[in-house]
Protein chains: 2
Amino acid sequence: MGLEERRKREKENRKNAILKAARKLFFDKGSKNVTVESIAKKAELSKGSVYLYFKSKEDIYTQILLSDIDKFHKAMVNLIQEGQSSSAMLMGLANIYTDFSLNDRELFRIMMNYMLNTDNMNLPEEIDHLIVKATNKTIGIIEEIFMMGIRSGEFPQYIDLRQKRNAIWGLLNGIISLHLFTGTEEKREERIRSTIKTGLNTFLRGMRTPSGNGQ
Amino acid sequence: MGLEERRKREKENRKNAILKAARKLFFDKGSKNVTVESIAKKAELSKGSVYLYFKSKEDIYTQILLSDIDKFHKAMVNLIQEGQSSSAMLMGLANIYTDFSLNDRELFRIMMNYMLNTDNMNLPEEIDHLIVKATNKTIGIIEEIFMMGIRSGEFPQYIDLRQKRNAIWGLLNGIISLHLFTGTEEKREERIRSTIKTGLNTFLRGMRTPSGNGQ
DNA sequence: TGAACAATGGTCACATACTGACCAATGGTC
DNA sequence: GACCATTGGTCAGTATGTGACCATTGTTCA
């Protein structure tokens with residue numbers, strides 16, 4: 001409750017106001033189409049002040065990405081809980097991934113680009129590395145869930161893990177990007193979620209069906 | 001949502017932070033025993049900054065008094081509502097007055113001093129005038145409520161208005177100050193409220209009793 | 001009683017935070 | 001390839017905040 005403390009708190013608040021404004025703008029328009037002036041205006045500051053808190057536009061951008069990647073990563077890691085079927089866990093993962101894509105279209109776009117090997121977007125080394133790591137982590141988690149499903153008898157033993165995992169990962173990214181970058185905002189979230197839900201369920205049903213050998 | 005607007009807003013917030021801190025301190029210790037330094041500290045500012053928003057300690061003090069007197073005054077004026085018995089209105093007035101005294105012991109003390117003719121406390125002309133006005137207004141309202149009660153037949157016609165009104169006003173101030181400036185904080189509010197409630201009710205019952213002629 | 005001292009309202013030179021006109025680089029247009 | 005519009009980044013000037021200091025007042029104690 002001291003004076004020093006108050007000033008520190010206010011500094012932090014300013015920084016957060018800028019980040020909040022910038023996140024919204026980057027989300028809406030993509031990094032390239034956002035001016036520092038517009039960030040400043042949205043944060044109710046002058047442009048000069050923005051540069052008191054960040055050393056460049058890219059600095060703002062990367063800090064947002066870093067924090068979002070981190071959030072995403074943590075959400076993924078928290079996924080695997082006891083007492084849930086593998087199918088339920090996969091549906092949970094799909095939901096989290098959908099949340100994330102809706103919440104941060106820009107980052108989703110980047111991750112998609114990585115997946116498609118459309119190469120990097122001139123991102124700093126640090127970000128580049130972390131995105132790859134987050135992506136791999138997610139894929140790894142899908143794989144892990146499958147293995148748990150096999151151990152518990154929910155899935156057949158002889159499925160091709162890599163193949164299934166890639167199919168799921170592709171399904172998610174494909175459905176989301178299809179809806180996210182086309183059409184109107186109208187009921188977008190609803191459409192994505194229902195498409196993913198039925199698509200994933202169909203896929204899992206296929207895997208659990210003995211007659212199909214899960215292949 | 002503009003820049004100019006934000007700065008204005010923040011200025012206002014600073015000022016309010018100082019007022020809030022000062023009100024608490026004045027309430028607890030009385031104006032004389034509060035230092036500007038302590039106000040600044042509580043508001044998490046330096047002393048110098050306090051003088052950016054107020055021209056003197058007295059300025060802070062009077063602004064608080066003015067705003068509180070105004071609030072008090074408005075609450076009193078709002079009292080007279082349709083569809084209530086005069087007794088209920090008087091009880092309402094007593095409650096508001098109790099709220100106020102608990103909330104602003106310092107101002108209550110000043111008003112008591114006026115009533116007792118213990119003379120002024122070197123207050124600026126403006127304040128002095130307003131306090132007298134608020135006091136008279138309150139007394140006037142009590143009188144008005146009595147008149148309504150007479151018109152509606154709730155009270156006998158021949159009561160001595162001035163005498164009754166002074167009795168009520170004295171009762172309220174006496175009970176509150178008795179409890180407010182003596183004893184401990186322990187259940188103070190409860191004690192004040194219950195004493196006022198039964199005291200006022202007894203008085204009103206006496207007025208409505210024909211055998212006693214309301215005198 | 002009056003010298004020494006403590007306490008505190010108010011001031012001001014210095015420090016920090018904020019602003020927006022300006023500059024340089026970039027990309028688009030004709 | 002000259003012109004222009006746009007925009008990331010800079011910096012001199014302004015607004016806001018700080019706390020050591022000063023002047024005054026009241027208190028203590030020899």
Side-chain angles (χ1 to χ4, degrees), chain A residues 1-26 28-65 106 121-124 127, chain B residues 1-26 28-65 106 121-124 127:
Chain A
M1 281 286 292
L3 191 153
E4 205 55 44
E5 200 180 331
R6 191 212 86 220
R7 301 194 86 183
K8 195 177 156 193
R9 208 170 56 225
E10 287 183 350
K11 224 168 184 168
E12 202 59 35
N13 288 345
R14 277 278 191 269
K15 194 175 169 180
N16 286 335
I18 296 170
L19 286 173
K20 185 178 171 185
R23 170 178 278 117
K24 177 93 172 72
L25 289 169
F26 286 144
D28 287 344
K29 312 187 182 184
S31 154
K32 199 156 174 316
N33 301 312
V34 173
T35 67
V36 175
E37 182 68 42
S38 71
I39 294 173
K41 198 168 176 186
K42 199 172 183 68
E44 296 180 297
L45 282 170
S46 71
K47 189 164 68 160
S49 293
V50 171
Y51 284 92
L52 292 173
Y53 294 88
F54 299 90
K55 72 182 210 302
S56 65
K57 177 177 160 179
E58 178 175 305
D59 185 23
I60 305 176
Y61 185 61
T62 55
Q63 289 206 29
I64 291 174
L65 281 187
E106 172 84 357
M121 309 170 78
N122 285 28
L123 294 172
I127 302 283
Chain B
M1 283 285 291
L3 190 153
E4 204 55 44
E5 201 180 332
R6 191 213 85 218
R7 301 195 87 182
K8 195 177 156 192
R9 208 170 56 226
E10 287 183 350
K11 224 167 184 169
E12 202 60 34
N13 288 345
R14 277 278 192 270
K15 193 174 169 180
N16 286 335
I18 296 170
L19 285 173
K20 185 177 171 187
R23 171 177 278 117
K24 177 91 171 73
L25 290 169
F26 285 144
D28 287 344
K29 312 187 182 184
S31 155
K32 199 156 174 317
N33 301 312
V34 173
T35 67
V36 175
E37 181 68 43
S38 72
I39 295 174
K41 198 168 175 187
K42 198 173 184 67
E44 296 179 296
L45 283 169
S46 71
K47 188 163 69 160
S49 294
V50 171
Y51 284 91
L52 292 173
Y53 295 88
F54 298 90
K55 72 182 210 301
S56 65
K57 177 177 160 180
E58 178 175 307
D59 185 23
I60 305 176
Y61 185 61
T62 55
Q63 289 207 28
I64 292 174
L65 280 187
E106 172 84 356
M121 308 171 78
N122 285 27
L123 294 172
I127 302 282

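Proteins get letters first, then strands, A, B, ... in listed order; numbering begins at 1 in each.
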Partners meeting side-chain contact (heavy atoms from CB on, under 4.5 Å) with [X] (sequence neighbours left out):
{"X": "A:R7", "value": "A:L3"}
{"X": "B:K41", "value": "none"}
{"X": "A:K29", "value": "A:L25, A:N33, A:V34"}
{"X": "B:K15", "value": "B:Y53, B:F54, B:Q63"}

Inset, instruction - Please round to the nearest 0.5 Å and tell me the distance separating atom CZ of B:R23 and atom CD1 of B:I18. - result: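 So the gap between those two atoms works out to 13.5 Å.
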Inset, instruction - Hey, could you give me the OH/CG distance between B:Y51 and B:D59, rounded to the nearest 0.5 Å? - result: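 If we round to the nearest 0.5 Å, B:Y51:OH and B:D59:CG are 10.0 Å apart.
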Inset, instruction - Mind checking B:Y53 for me? I need base, sugar-phosphate or nothing, with any heavy atom below 4.0 Å counting as a touch. - result: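 Sugar-phosphate, backbone atoms only, no base.
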Inset, instruction - For B:K47, answer base if it contacts any base atom (sugar-phosphate contacts may also be present), sugar-phosphate if it contacts only those atoms, and nothing otherwise; contact means non-hydrogen atoms under 4.0 Å. - result: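 The residue B:K47 makes base contact.
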Inset, instruction - Report the secondary structure of DNA chain C in dot-bracket form, marking unpaired bases with a dot and bases paired to a different strand with |, and treating Watson-Crick or G-U pairs with both distances under 3.5 Å as paired. - result: ||||||||||||||||||||||||||||||
Legend entry - Closest contact, heavy atoms only, A:I39 versus A:A21: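 Result for this residue pair: O-CB, 3.9 Å.
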Legend entry - Taking every non-hydrogen atom, the tightest pair across B:A43 and B:A17: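 That closest heavy-atom pairing would be CB-O, 3.9 Å.
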Inset, instruction - Would you kindly compare A:L3 and A:K55 by the position of their nearest DNA chain D nucleotide and give the one closer to the 5′ end? - result: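 Going by which nucleotide is closer to the 5' end, it is A:K55.
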Inset, instruction - Name the residue closer to the 5' end of DNA chain D, choosing between A:S56 and B:R7 according to the nucleotide with the nearest heavy atom. - result: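 Of the two residues, A:S56 wins.
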Legend entry - Strand contacts (DNA chain D) in residues 29-44 of chain A, 4.0 angstrom heavy-atom criterion: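 DNA chain D contact set from residues 29-44 of chain A: A:V34, A:T35, A:V36.
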Inset, instruction - Anything under 4.0 Å to a heavy atom of chain B counts; send over the first and last such nucleotide of DNA chain C, read 5' to 3'. - result: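 Nucleotide range in contact with chain B: C:dT8 to C:dG20.
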Is any side-chain heavy atom of [X] less than 4.5 Å from a side-chain heavy atom of [Y]?
{"X": "B:E37", "Y": "B:V50", "result": "no"}
{"X": "B:R9", "Y": "A:E44", "result": "yes"}
{"X": "A:N16", "Y": "A:K20", "result": "no"}

Inset, instruction - Determine, for B:R14 against A:E10, whether the closest basic-nitrogen to carboxylate-oxygen distance falls under 4.0 angstrom. - result: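 A:E10 and B:R14: salt-bridged.
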Legend entry - salt bridge (charged side-chain N to carboxylate O under 4.0 Å, His left out) against A:D28, all qualifying residues, sequence neighbours excluded: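 A:K24.
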Inset, instruction - Quick one: list whatever passes salt bridge (charged side-chain N to carboxylate O under 4.0 Å, His left out) with B:K8, sequence neighbours left out. - result: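 Applying salt bridge (charged side-chain N to carboxylate O under 4.0 Å, His left out) to B:K8 gives none.
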Inset, instruction - Could I get the full list of side chain to side chain donor-acceptor pair (under 3.5 Å) partners for B:T35, not counting sequence neighbours? - result: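 Only B:S38 meet the side chain to side chain donor-acceptor pair (under 3.5 Å) criterion with B:T35.
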Legend entry - Earlier contact from the 5' end, DNA chain C, for A:G48 and A:K11: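 The residue closer to the strand's 5' end, by nearest nucleotide, is A:K11.
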Legend entry - Within residues 18-26 of chain A: residues closer than 4.0 Å to DNA chain C (heavy atoms):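 Going residue by residue through residues 18-26 of chain A, none turns out to have a heavy atom under 4.0 Å of DNA chain C.
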Legend entry - Segment of DNA chain D, first to last nucleotide, that comes within the 4.0 Å heavy-atom reach of chain A: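 In short, chain A contacts DNA chain D from D:dT7 to D:dG19.
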